[in-house]
Amino acid sequence: GNTASPAQTSPSDAVTGGITVLAAASLTDAFQAIATDFERAHPGTEVTFSFGSSATLATQINQGAPADVFAAANEPTMRTVTDAGAAQHPQIFVTNTLEIAVPRSNPGNITGLADFADPAKKIAVCAPQVPCGAAAQRVFAHAGVTARPDTLESDVKALLQKVQLDEVDAALVYHTDVVAAGDAVEGITFAAARTAVNRYPIATLTGAPNPGGAAAFVDHVLSPLGQARLDKAGFARP
Amino acid sequence: MPTPIPWLLALPALAGLSFLVLPLLGLLIRAPWSNAWQVITDDEALLALRLSLITATVAMVLAVLLGVPLAWLLARSDLPAMGWLRAVITVPLVLPPVVGGVALFTVLGRSGLLGWPLYQLTGFAFPFTPYAVVLAQTFVALPFLILSVEGALRAADRRYEDAAATLGARPLTIFSRVTLPLIGPGVAAGAVLAWARALGEFGATITFAGNFPGTTRTMPLQVYLALETDPSAALMLSVLLLAVSVLVLVLLRDRWVNRW
Amino acid sequence: MPTPIPWLLALPALAGLSFLVLPLLGLLIRAPWSNAWQVITDDEALLALRLSLITATVAMVLAVLLGVPLAWLLARSDLPAMGWLRAVITVPLVLPPVVGGVALFTVLGRSGLLGWPLYQLTGFAFPFTPYAVVLAQTFVALPFLILSVEGALRAADRRYEDAAATLGARPLTIFSRVTLPLIGPGVAAGAVLAWARALGEFGATITFAGNFPGTTRTMPLQVYLALETDPSAALMLSVLLLAVSVLVLVLLRDRWVNRW
Amino acid sequence: MVTRDRAEGGSGLVAQLELQRGDLRLAVDLRVGPGEVVALLGPNGAGKSTVLRTLAGLLPLQRGCAVLGGLTMEDVDAGIRLEPHHRQVGVVFQDYLLFPHLSVLDNVAFGPRARGHPRAYAQQLAHTMLERVGAAGLASAQPRRISGGQAQRVALARALATEPQLLLLDEPLAALDARTRLTVRGELRRHLADFDGAAIVVTHDPVDAAVLADRLVVIEAGEVVQTGTPSEVARRPRTDYVARLVGLNLLAGTGSAHRVDLPGGGAVHTADSADGDVYVAFRPAAVSIFTTRPDGSPRNLWLGRISGIESHGEGVRVEIDAAPQRGSSILAEVTPAAVAELGLLPGAAVWASVKASDVEVYPR
Amino acid sequence: MVTRDRAEGGSGLVAQLELQRGDLRLAVDLRVGPGEVVALLGPNGAGKSTVLRTLAGLLPLQRGCAVLGGLTMEDVDAGIRLEPHHRQVGVVFQDYLLFPHLSVLDNVAFGPRARGHPRAYAQQLAHTMLERVGAAGLASAQPRRISGGQAQRVALARALATEPQLLLLDEPLAALDARTRLTVRGELRRHLADFDGAAIVVTHDPVDAAVLADRLVVIEAGEVVQTGTPSEVARRPRTDYVARLVGLNLLAGTGSAHRVDLPGGGAVHTADSADGDVYVAFRPAAVSIFTTRPDGSPRNLWLGRISGIESHGEGVRVEIDAAPQRGSSILAEVTPAAVAELGLLPGAAVWASVKASDVEVYPR
Ligand SMILES: Nc1ncnc2c1ncn2[C@@H]1O[C@H](COP(=O)(O)OP(=O)(O)OP(=O)(O)O)[C@@H](O)[C@H]1O
Ligand SMILES: Nc1ncnc2c1ncn2[C@@H]1O[C@H](COP(=O)(O)OP(=O)(O)OP(=O)(O)O)[C@@H](O)[C@H]1O
Ligand SMILES: [Mg+2]
Ligand SMILES: [Mg+2]
């Protein structure tokens with residue numbers, strides 16, 4: 001997909017009421033800021049979030065969750081929702097790239113992706129079943145590195161936590177996670193990251209109780225103001 | 001009589017104690033006390049705490065109301081199927097909570113076994129409401145209550161029930177005026193377990209009830225979100241949850257210990 | 001004597017039963033039986049099942065070894081601090097398991113309170129090993145065992161211990177030859193709870209032990225991962241986990257019921 | 001037999017109890033008229049407590065029936081079985097079984113409450129009952145704080161408070177001290193006298209049985225071996241157990257005129273004449289002991305050996321082995337002075353004599 | 001006093017027990033020589049079981065000490081306190097307390113095992129002990145399957161199996177039936193006779209006490225009110241409780257020569273002379289009853305009113321109120337024939353007479 005949506009910012013009087021947004025947990029900070037902007041731009045609206053793992057949210061949508069918008073952390077999950085006919089016209093609104101995260105003082109002396117093949121170092125990556133793991137496999141393949149991870153985590157936050165606690169020497173996480181973690185971790189970029197860009201789709205839901213509000217929110221996320229908030233959290237534009 | 005404590009018992013007891021207490025101390029040390037006040041007076045956190053306390057308490061009550069009779073049935077009936085039934089009841093303990101949430105959908109979801117007719121008739125569906133939180137918590141907490149109470153029932157001296165019967169008490173009266181008071185400590189222990197388990201419930205709740213502030217976002221979900229955005233705040237929130245529950249437990253315990 | 005079952009008890013008992021059993025039935029119905037064989041004979045799944053059964057059993061044994069003496073201490077000692085201690089012991093129930101994993105890191109992690117000297121001296125660290133799985137499971141399961149056993153100890157008739165003392169038995173002998181056999185059913189119930197809780201443990205395990213096939217990926221972790229990619233396979237895996245645990249519980253129960 | 005009574009709407013208790021429980025095979029026919037008090041005696045394990053449990057409905061019959069005041073409580077053939085709480089039966093249990101979570105007063109008020117009386121009335125009644133057994137001062141005490149004997153009295157009050165038609169007491173006086181026992185026994189007797197219903201008292205104490213009961217039923221190994229008024233039983237025991245219980249020497253033999261031949265070879269001379277299978281019984285006090293063979297009027301004179309001596313109340317009981325026949329023994333009761341004068345010691349050979357007029361003879 | 005004995009290394013039990021427990025304030029001095037058997041009597045709640053618990057070490061003293069065979073088991077002032085399992089004390093508990101998870105044999109073998117004997121020896125010993133109490137047939141039974149009386153016998157065997165220096169028995173015969181009681185009482189007496197140690201038997205039964213014990217100690221409300229040999233106590237009771245226990249009428253008064261003045265106004269004439277504060281006692285059987293005022297030799301003649309009649313053994317006990325003074329009552333024992341002839345009924349006014357030679361008088 002692309003951002004082909006016409007910027008037909010509807011007059012604010014057309015948008016009212018509550019808008020329920022199901023969003024991947026990694027979007028928490030950025031989306032909460034976006035919601036504040038949105039409510040200011042459209043008085044009379046109130047945005048409610050339910051953050052969770054994309055897969056859980058998809059299950060809920062397929063079970064008839066009374067929500068208006070779904071923002072997923074990857075395209076396959078969005079596809080399970082669109083395949084079920086619960087959402088239409090997903091649009092990619094941000095992308096994210098992998099980055100090496102190491103504890104603040106870098107005790108493992110990690111310099112690049114090659115260190116992931118060192119069995120002496122404690123290495124954490126995502127499991128191949130989850131999006132960040134699939135992406136990691138792609139970059140390893142591209143860089144020709146045979147990774148020797150000690151653990152295959154089910155989400156990025158679990159990786160980051162271990163880095164912060166100095167329990168692993170390096171982990172492959174997203175750039176946004178390194179930004180969110182602040183001083184606690186250091187990020188090391190690497191070239192192969194380009195080969196596995198993760199793309200976040202957003203869509204209005206078929207059963208949305210407030211379709212007008214839903215469309216307006218999606219538009220707002222795609223608008224420059226929305227994109228600026230996402231920028232600040234470390235996301236890249238699609 | 002102050003029994004002297006044999007070392008062979010005291011040593012593993014202390015080992016067990018430190019195994020439980022040291023991690024909590026570690027948590028207290030790691031927690032960011034500098035911005036403690038800010039984290040725990042945050043509106044969202046307080047909202048989540050309130051919701052957690054309310055739902056866990058309701059879930060506990062529900063668990064007691066449903067679980068005590070069921071435990072009684074298990075302990076007192078001699079049907080051969082009871083062995084299997086008992087195992088089936090233990091099973092939600094084993095079920096990963098997220099799967100428990102999915103299982104709840106299959107029955108109580110909008111298109112579930114019972115949820116569908118309900119939705120068709122009234123337009124009401126459980127998921128994503130505080131009721132769903134309570135149901136999810138009850139589902140995971142019920143087995144703890146049942147097993148505690150059943151144990152207490154089996155240990156209780158049934159001859160008191162005989163005595164009550166000869167005094168003219170019908171089974172329900174015996175149950176409420178003799179059996180229940182006699183196994184009071186067992187029910188209390190089971191209720192504490194159930195309350196604590198409900199208070200800490202995460203997986204089934206986020207799956208079946210969603211994660212909406214004020215309606216379904218309980219403390220564990222709040223902690224989960226904080227882990228995404230501000231991990232040290234998450235520790236602080238956990239400490240708050242712990243402090244509140246310790247307080248409640250100590251107050252309850254004192255009440256019970258005085259009564260018993 | 002076959003007691004007639006009063007309706008006021010039977011109704012909530014049946015409600016409770018269906019509340020627990022219907023979701024399991026729903027799960028069975030939803031599960032993709034067409035590719036059941038493929039899902040449950042998958043090497044990874046069997047590996048995870050094996051690891052789960054082993055670690056949960058070891059965790060149960062550990063919980064019994066540490067927890068029974070601790071419960072005894074709690075039940076028999078009259079220290080005024082016991083109320084608080086008991087509350088503190090209940091607390092790991094309330095702790096969101098992920099936070100529990102973090103708490104374990106603070107003590108037993110590579111840079112933890114005890115883990116750091118251990119790592120410096122031997123180069124060994126608990127995280128990402130099967131030992132970490134056992135520790136995480138023991139941490140969450142221990143409180144269940146302690147509370148069950150403590151309840152049984154309080155309900156037990158202490159005069160038997162007096163009788164044993166006058167027969168010349170020292171405290172440890174009294175404990176092992178009188179107290180323990182008398183509270184046998186309570187310990188068994190607690191062990192079942194602990195085993196089941198350990199078998200279903202997810203959050204603390206994935207945090208503290210990580211998730212590597214064959215060494216630390218237990219069934220709940222396998223189920224969770226499957227949920228990400230193939231939710232129906234996840235249901236099938238859950239059904240497998242349930243079936244195995246029901247089988248084990250029924251077999252154990254029968255043993256105990258025969259003994260008691 | 002039982003059927004006829006039921007057809008007549010006979011009141012009191014008519015029961016035919018049969019069941020197997022562990023090693024015990026119980027088969028007991030019991031009838032207790034309204035107002036009658038029956039004492040159930042028997043050795044340990046005879047099934048006395050089991051009889052009470054079946055009558056209370058706590059243990060189902062395997063055969064037979066139990067009818068109380070014309071109302072069939074249980075009839076295996078007819079498939080009738082009233083639950084315990086539907087029976088007008090009050091029980092005082094052997095181990096008291098006071099509810100530990102209720103005060104003494106509430107324990108006693110439990111029955112009236114359970115039978116639907118308002119709280120105030122039940123407590124009033126409970127107070128009265130506690131006064132009757134002399135335990136009014138304990139009303140607010142917790143059962144675990146009172147002594148064994150006090151608990152027994154409260155249990156008694158609790159059972160009386162339901163105003164049952166059949167009162168079952170399993171050793172109600174066993175734990176009472178002598179003074180309280182006298183008082184409570186008197187009270188109990190008075191209460192039983194006022195009482196329209198039937199009562200069964202299990203006891204080991206022949207004095208309790210004689211004081212409390214109109215009729216004794218003795219069971220051994222699950223079967224009735226003797227029934228009768230206390231004085232009948234005391235005069236004519238039919239088993240060794242009963243003989244010991246009432247303190248008589250008992251022998252079985254074959255009578256012809258004034259002589260009863262014992263199977264082991266000896267004989268007993270009696271004043272009354274009897275033929276066929278008979279029992280002979282005589283009091284230990286009727287036995288005289290001599291260290292040399294006496295010449296005199298007593299027709300019965302046996303040589304034996306002292307196997308035991310013990311004081312018994314104000315007298316001394318001497319057990320004499322091998323008299324009047326091999327393998328049996330009899331008891332003699334003599335004064336302490338006689339023991340000292342004759343220098344009686346275990347192992348000594350003595351002559352025992354009994355006057356024929358002191359020997360009771362009656363058919364087996 | 002106690003101190004001296006300890007200094008002499010005196011054996012047997014010397015104890016000075018003081019403690020407060022609930023409402024009970026216990027202060028009892030006890031000495032039981034080696035081989036001596038003391039029966040502890042007292043009304044319910046007097047503290048008998050409490051005395052046994054302190055001696056067994058199950059309840060700490062608050063003051064005083066307990067020395068057994070020269071070994072100080074407990075001394076509050078010296079800060080000494082042996083744990084129960086270090087004391088050579090065997091206990092038969094009031095409620096048996098057989099371990100429900102062990103067979104009868106293993107229950108009895110528990111003590112020897114706990115004291116370090118090998119399993120085979122312990123079981124052998126247990127068998128012997130079970131035989132001694134006549135319960136060998138129960139060896140493999142589960143305690144919950146045996147009857148109350150059987151359990152009591154096993155508990156006895158269990159306590160005897162540890163070969164204690166001090167044996168404490170809390171109503172050891174209470175649940176036994178009459179026949180077994182005689183046997184076990186005899187066995188127990190024989191065992192106690194063989195036994196070098198001290199023994200204390202709590203009992204409510206004066207016959208048990210007289211048969212088993214060399215000396216009686218009577219406690220009421222936590223204090224010793226009388227001690228002495230059974231016959232001393234039986235002849236000269238010092239409290240109302242003891243008098244009832246031994247079946248005597250007891251009155252307190254002030255003697256001057258052959259006349260004892262009672263505080264309520266009456267007087268009792270005695271054959272022996274006595275001065276100062278005295279007790280007078282006489283047997284119920286020594287009391288004659290008349291419906292009209294008799295003329296005759298008996299010096300004591302009182303008018304009263306019948307308040308109760310009950311049969312007692314072979315006689316009948318008549319309680320006469322207001323004799324010999326207002327507010328008191330005495331018991332008379334007469335034959336059933338006399339009751340029938342005189343038409344005695346509760347409420348009737350009667351004359352009671354006692355010969356002066358039948359009245360025992362002794363200082364208070
Ligand atoms: N729960 C039980 N299961 C199996 N058998 C039992 C049970 N209870 C009692 N019995 C059997 O019944 C017999 C009689 O027991 P019961 O209690 O009726 O005797 P009892 O006459 O009351 O004796 P006691 O005078 O000692 O109280 C016992 O010897 C035992 O063999
Ligand atoms: N656990 C307790 N807590 C407080 N007070 C108690 C306790 N046990 C007993 N008492 C008090 O001690 C008193 C004496 O009890 P104890 O059992 O020694 O009496 P006893 O002489 O053995 O009576 P019985 O003949 O009825 O067995 C009781 O009346 C009660 O007031
Ligand atoms: Mg009995
Ligand atoms: Mg006592």
Side-chain angles (χ1 to χ4, degrees), chain A residues 24-25 52-63 72-74 76-77 79-81 83-84 103-105 107-108 119-134 147-169 171 184, chain C residues 26 30 42 44 48 97-113 115-116 119-120 123-130 132-133 202-218 220-235 237:
Chain A
S53 99
S54 298
T56 302
L57 297 173
T59 307
Q60 291 172 346
I61 291 164
N62 291 339
Q63 289 290 337
N74 60 73
T77 309
R79 213 168 296 128
T80 62
V81 176
D83 287 353
R104 186 160 34 187
S105 55
K121 299 206 158 62
K122 288 268 184 247
I123 300 298
V125 298
C126 283
Q129 289 93 330
V130 297
C132 61
R148 309 282 294 269
D150 292 278
T151 176
L152 303 172
E153 299 289 323
S154 59
D155 62 68
V156 187
K157 290 302 160 189
L159 293 180
L160 210 61
Q161 209 165 42
K162 294 185 172 63
V163 176
Q164 282 168 330
L165 291 168
D166 191 21
E167 294 295 336
V168 295
D169 296 317
Chain C
R30 284 280 170 119
D42 175 48
E44 269 202 355
V98 174
V99 179
V102 173
L104 281 174
F105 271 135
T106 65
V107 178
L108 296 169
R110 196 170 68 169
S111 51
L113 208 62
W116 189 79
Y119 185 62
Q120 294 302 316
F124 174 81
F126 282 112
F128 315 117
T129 65
V133 177
F202 170 73
T205 309
I206 200 166
T207 304
F208 182 57
N211 176 8
F212 200 79
T215 47
T216 62
R217 185 180 295 165
T218 56
L221 273 59
Q222 183 79 22
V223 170
Y224 186 80
L225 275 186
L227 271 178
E228 292 284 333
T229 51
D230 183 357
S232 68
L235 294 192
L237 285 176

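Note that this is a predicted model, so its numbers are computed, not measured. Letters A, B, ... are given to chains in the order of the sequence lines, protein chains preceding strands, and every chain is numbered from 1.
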Worksheet entry | Proximity breakdown for A:Pro76 and chain C, heavy-atom pairs closer than 4.5 Å | neither

Discussion item. Using only atom types and a distance under 3.5 Å, with no angle test, would you say the side chain of A:Thr151 pairs donor to acceptor with the backbone of C:Phe128?
Written reply: no

Practice prompt. Give, as side chain, backbone, both or neither, the part of A:Thr59 having an atom under 4.5 angstrom from any heavy atom of chain C.
Written response: neither

Worksheet, complete the sentence: OG1 (C:Thr207) and CG (C:Leu104) are apart, to the nearest 0.5 Å, by 9.5 Å

Fill in: Under 4.5 Å from a heavy atom of chain C, the part of A:Glu167 involved
both

Worksheet item: Roughly how far, to the nearest 0.5 Å, is the OG1 atom of C:Thr216 from the CZ atom of C:Phe208?
Response: 11.5 Å

Discussion item. For C:Pro130, is there any backbone N or O sitting under 3.5 Å from a side-chain donor or acceptor partner on C:Thr215?
Written reply: no

Discussion item. Restricting to non-hydrogen atoms, name the atom on A:Glu153 and the atom on C:Ile206 that form the minimum distance, rounded to 0.1 Å.
Written reply: OE1-O, 3.5 Å

Practice prompt. Name the region of A:Ala158, side chain, backbone, both or neither, that has any atom closer than 4.5 Å to a heavy atom of chain C.
Written response: neither

Discussion item. Need one label for C:Tyr224: side chain, backbone, both or neither, based on atoms under 4.5 Å from any heavy atom in chain A.
Written reply: side chain

